[in-house]
Amino acid sequence: MSGLVRICSQAELPAPGEVSEVSAEGRIFCVANLDGTIHVLNGECPHEGGPLGEGRIEDGRVVCPWHEYSFDLQTGAEWHDTEMKAEVYEAVVDGGELRVKL
């Protein structure tokens, strides 16, 4: 994958079932670990800008801590309002670093 940007080191990745907020390249990202698979979404909830990286994982979705909107980790689609989406980035862990394609 070309055009990759470093987000964080592999050591900084959240544990399985956890999410974290990471700042890189002037952006905030939500990094989620779903059963060992890393997913990266825009860190700002598209509803009202809540911090997705401070949310939680439920049923393959990240849940915003502000208003409980939940977004599919693979597609970014919101549970009830499929027109609302969080941006999902292609991510790869390689050489001890997490990188995404912006």
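FYI, the numbering just counts along the sequence from 1.
- Residues N42 and L52 are not in side-chain contact: their nearest non-hydrogen atoms beyond the backbone lie 4.5 Å or more apart.
- Rounded to the nearest 0.5 angstrom, D59 CG and S70 OG are separated by 8.5 Å.
- Taken from CZ in R6 to CD in E97, the straight-line distance is 4.5 Å, to the nearest 0.5 Å.
- A single hydrophobic cluster is seen to contain both V19 and V88, as judged by linkage of ILVMFWY side chains at heavy-atom distances under 4.5 Å, directly or through other members.
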Test side chain to side chain contact (heavy atoms under 4.5 Å, CB included) on L13 and V93; report intermediate values, then the result. CA-CA 10 Å; L13 293 175; V93 178; 4.0 Å; yes
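- Listed for the E54 side chain is no donor-acceptor partner under 3.5 Å among the backbone atoms of P51.
- To the nearest 0.5 Å, the span separating NE2 on H67 from SG on C64 amounts to 7.5 Å.
- Here the NZ atom belonging to K85 is positioned 5.5 Å from the OG1 atom belonging to T75, to the nearest 0.5 angstrom.
- In this structure, CD in E18 is found 7.5 Å from CD1 in I57, a value given to the nearest 0.5 Å.
- Nearest heavy atom pair, residue T37 against residue H39, reads O-CD2, 3.4 Å.
- For the atom pair SG of C8 and CZ of R99, the computed distance is 11.0 Å after rounding to the nearest 0.5 Å.
- Residues passing the salt bridge (Lys or Arg N to Asp or Glu O under 4.0 Å) test with E68 are R56, sequence neighbours excluded.
- A donor-acceptor contact shorter than 3.5 Å links the side chain of E78 to the backbone of D81.
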Using atom types as modelled, flag every donor-acceptor pair under 3.5 Å from a side chain in residues 23-35 to any protein atom, sequence neighbours excluded.
unit_1: N33; atom_1: OD1; unit_2: G36; atom_2: N; d: 2.7
unit_1: N33; atom_1: ND2; unit_2: P14; atom_2: O; d: 2.8

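- Under the 30°/60° scheme for interplanar angles, the aromatic rings of F71 and Y69 are found to lie parallel.
- Within the 4.5 Å cutoff, side-chain heavy atoms of L41 are placed close to those of V62.
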Could you walk me through whether Y89 and L102 pass the side chain to side chain contact (heavy atoms under 4.5 Å, CB included) test, one step at a time? CA-CA 7 Å; Y89 300 96; L102 297 181; 3.8 Å; yes
